[in-house]
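Structure record follows, encoded as structure tokens.
Scope of the values below: all heavy atoms of this structure, side chains included, with no hydrogens, waters or symmetry mates. Naming convention: chains lettered A, B, ... in sequence-line order (proteins, then strands); numbering from 1 in each chain.
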2 protein chains.
Amino acid sequence: MDLKRIINSIQNFEGVKRKKAIENVTNSLKEVYNITNNVVVPFGDDSSAIDVDGENLILIAADGIWGKLIEVDPYWAGYCSILVNVNDIAAMGAKPIAMVNTLSLNDEKIGDKILKGIIDGCHKFNVPMVGGHLHPDADFNSLDVSIVGIAKKNHILTSGGAKLGDKVLVAIDLDGRQHPKFKLNWDTTYHKDPKLVQDQIKVMEKIAKLDLINSCKDISNPGVLGTLEMLLEASSLGAIVNLEKIPKSPDIGWDDWLKIYPGAAFVLTANQDNVEKIIEIFEEYSLNTAVVGEIIEDKKLFLDYNGEREVLFDQKINPVIGSFD
Amino acid sequence: MDLKRIINSIQNFEGVKRKKAIENVTNSLKEVYNITNNVVVPFGDDSSAIDVDGENLILIAADGIWGKLIEVDPYWAGYCSILVNVNDIAAMGAKPIAMVNTLSLNDEKIGDKILKGIIDGCHKFNVPMVGGHLHPDADFNSLDVSIVGIAKKNHILTSGGAKLGDKVLVAIDLDGRQHPKFKLNWDTTYHKDPKLVQDQIKVMEKIAKLDLINSCKDISNPGVLGTLEMLLEASSLGAIVNLEKIPKSPDIGWDDWLKIYPGAAFVLTANQDNVEKIIEIFEEYSLNTAVVGEIIEDKKLFLDYNGEREVLFDQKINPVIGSFD
């Protein structure tokens with residue numbers, strides 16, 4: 001395997017490249033994200049958080065489901081709409097409360113499959129779907145889900161909290177399979193006992209309450225390293241990562257693995273003193289966890305492999321999103 | 001004007017007819033709307049409400065913006081996405097907290113106009129847009145917005161709380177204009193002082209805390225009477241309404257007026273003893289309010305006009321949505 005080829009492949013990965021367009025939206029909405037002066041976590045994190053009484057936060061997140069997913073497997077799209085939303089709340093160390101959906105349909109049968117997936121997802125993660133909006137006469141099929149959660153203000157995990165010298169950890173459930181129709185979908189929940197799946201969500205709340213972590217982000221479309229880069233951009237810091245330290249399924253090559261969207265996985269940073277405890281807690285819930293690198297001041301993500309070192313992302317030259325400030 | 005023609009026109013109005021498809025979705029999702037046993041208001045209301053601690057409710061609602069609105073005037077679609085969501089929370093007697101959006105774009109320029117509308121809407125209603133999801137490479141342009149709000153458990157307004165013998169009231173801001181591009185859009189907020197617009201939202205919270213109202217619903221796409229019928233279906237009751245009692249702009253004919261989507265308007269029911277006080281409070285905020293009828297046991301919506309009486313909706317034969325139970 002060649003490090004330069006891997007770097008190039010990730011930089012040109014659609015899951016990474018399509019995030020760039022967000023910058024325009026967040027820049028536009030900057031003037032209204034905190035007009036009420038109580039928004040403690042705005043755009044750029046897995047969820048946004050609003051301080052309602054000085055002690056309790058309400059979290060809210062939205063995920064639009066990728067059109068191709070609905071086209072190829074509407075049932076799976078419905079199921080994933082629950083998974084991604086629940087993980088957005090979990091990554092903040094918060095408790096998911098309820099979801100709503102907006103469904104646009106030009107084909108009722110596809111809608112029925114989406115709904116079946118939503119129902120199974122709700123049961124799996126034990127988060128209710130409580131309402132929504134329907135366009136029964138749309139020109140297309142689409143599914144957007146939003147989720148609300150709660151957390152205590154002094155125990156919230158954000159992607160912007162990394163500290164210089166922090167260890168970078170990756171926690172990922174290796175007990176999974178590539179989805180038969182989507183090789184970049186690392187499914188770790190569908191065939192798993194709901195109790196364990198729900199415990200994997202709750203463990204983030206537990207970790208948050210123990211104050212072991214400085215920053216955290218749910219690994220999603222941009223893959224392990226694209227997600228880490230988003231965390232680094234939010235924290236205005238860089239990192240050096242040793243590729244081979246990233247927990248990986250032995251059945252999958254690096255090129256796919258680094259682009260994979262996992263069912264349960266987080267990238268996080270913590271002080272060296274807490275690393276052992278964090279790994280112990282995560283490993284209890286089938287989340288294979290390892291220190292993969294360290295936070296540095298230079299706003300670049302360096303990748304080490306086989307004695308070589310290359311820059312994967314440079315916030316000045318090729319950020320995934322770019323700075324929110 | 002002929003009563004039978006009016007009845008026929010409302011029954012066949014697209015804004016009424018397209019609600020029927022919701023029944024399939026709510027029936028499907030029935031098994032997961034309350035798997036956590038803390039959902040106090042599920043589907044079928046303006047917002048859903050979840051009991052988080054026995055005292056405080058978190059409310060969540062979603063609205064997908066009608067494709068034709070985006071096509072004809074993307075700026076107005078963005079503005080309306082805020083208006084409809086804020087009203088969904090207000091109608092419950094709750095306080096809007098924050099919103100998220102999912103934006104799918106095939107044309108960046110349309111996206112910019114939508115965002116401009118969102119920004120102006122946030123300023124007008126003073127509710128922040130705190131996050132969201134972007135599909136920068138969609139085959140279509142679409143906008144979905146979700147909102148979260150808070151309320152006290154013992155002061156929540158629902159559409160299912162009407163009581164036999166209640167007076168039916170309609171509160172609607174008559175100081176408005178038909179939108180130049182959408183004659184069924186009764187705009188009462190765009191040219192109005194933000195303070196008054198925000199007070200029209202807050203007045204619902206005030207009314208809720210005074211326990212003056214038994215049921216309430218935000219007047220939306222199905223118009224005044226279509227919305228009232230949804231309230232009656234949620235309450236499993238009927239009503240007799242005197243058409244001429246409905247507050248109406250003198251510049252607009254009944255046929256359009258009954259289909260109009262107003263910027264600030266609610267249909268509600270209350271005990272006769274509270275009617276005077278309710279009208280007094282609403283009128284303070286440019287909400288013209290009148291008793292238009294009475295709640296009855298027979299699950300039909302009767303319309304009186306000029307000495308005639310006709311059935312507009314019969315829950316057994318032609319409900320707008322149909323019973324959730």
Side-chain angles (χ1 to χ4, degrees), chain A residues 18 20-22 24-25 28-29 31-36 39 41-45 47-48 50 52 58 60-64 66-67 97-105 108 111-112 115-116 118-119 122-123 126-140 142 144 146 148 150, chain B residues 18 20-22 24-25 28-29 31-36 39 41-45 47-48 50 52 58 60-64 66-67 97-105 108 111-112 115-116 118-119 122-123 126-140 142 144 146 148 150:
Chain A
R18 71 198 292 272
K20 190 75 186 105
I22 293 176
N24 179 39
V25 176
S28 297
L29 295 180
E31 74 174 270
V32 288
Y33 86 80
N34 196 12
I35 46 181
T36 47
V39 179
V41 184
F43 298 106
D45 228 307
S47 300
S48 300
I50 302 100
V52 280
I58 290 182
I60 182 166
D63 270 295
W66 194 37
I97 292 293
M99 295 170 292
V100 288
N101 69 86
T102 303
L103 198 51
S104 299
L105 294 177
E108 208 178 304
D112 288 343
L115 288 169
K116 183 82 176 58
I118 287 177
I119 290 166
C122 289
H123 282 305
N126 197 40
V127 182
M129 179 63 74
V130 298
H133 190 96
L134 174 69
H135 290 295
D137 44 14
D139 297 329
F140 48 82
S142 91
D144 296 335
S146 295
V148 66
I150 52 171
Chain B
R18 68 199 293 272
K20 190 74 186 106
I22 293 175
N24 179 38
V25 176
S28 296
L29 294 181
E31 73 172 272
V32 288
Y33 86 79
N34 198 11
I35 47 180
T36 46
V39 179
V41 184
F43 298 106
D45 227 308
S47 299
S48 301
I50 302 100
V52 280
I58 290 182
I60 181 165
D63 271 296
W66 193 38
I97 293 294
M99 294 170 291
V100 288
N101 69 86
T102 303
L103 197 52
S104 299
L105 295 175
E108 209 178 304
D112 287 343
L115 287 169
K116 184 82 177 57
I118 286 177
I119 290 166
C122 288
H123 282 305
N126 196 39
V127 182
M129 180 63 73
V130 297
H133 190 96
L134 173 69
H135 290 296
D137 46 13
D139 297 329
F140 47 82
S142 91
D144 296 334
S146 295
V148 66
I150 52 173

Where does [X] contact chain A at under 4.5 Å (heavy atoms): side chain, backbone, both or neither?
{"X": "B:Val52", "value": "side chain"}
{"X": "B:Ile58", "value": "side chain"}
{"X": "B:Ile22", "value": "both"}
{"X": "B:Asn101", "value": "both"}
{"X": "B:Ile35", "value": "both"}
{"X": "B:Ala61", "value": "backbone"}
{"X": "B:Ile119", "value": "both"}
{"X": "B:Val130", "value": "both"}

Pick from [options] with the largest number of heavy-atom pairs that fall under 4.5 Å of chain B:
{"options": "A:Leu103, A:Ile50, A:Asn34", "answer": "A:Ile50"}
{"options": "A:Met99, A:Glu108, A:His133", "answer": "A:His133"}
{"options": "A:Asp45, A:Leu105, A:Leu115, A:Val41", "answer": "A:Leu115"}
{"options": "A:Asp137, A:Ile97, A:Ile118", "answer": "A:Asp137"}

Name the region of A:Ser142, side chain, backbone, both or neither, that has any atom closer than 4.5 Å to a heavy atom of chain B.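 For A:Ser142, the contact with chain B is made by the side chain alone.
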
Measure A:Val39 against the heavy atoms of chain B and call it side chain, backbone, both or neither at under 4.5 Å.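 Interface part for A:Val39: side chain.
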
Which residue out of [options] racks up the most heavy-atom pairs below 4.5 Å with chain A?
{"options": "B:Val25, B:Val127, B:Thr102", "value": "B:Thr102"}
{"options": "B:Asp112, B:Val100, B:Val148", "value": "B:Val100"}
{"options": "B:Asp139, B:Asp144, B:Asn24", "value": "B:Asp144"}
{"options": "B:Pro136, B:Gly64, B:Ala62, B:Gly131", "value": "B:Gly64"}

How far apart are the closest heavy atoms of A:Met129 and B:Phe43, and which atoms are they?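 Answer, listing the atom of A:Met129 first, then B:Phe43: O-CZ, 3.4 Å.
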
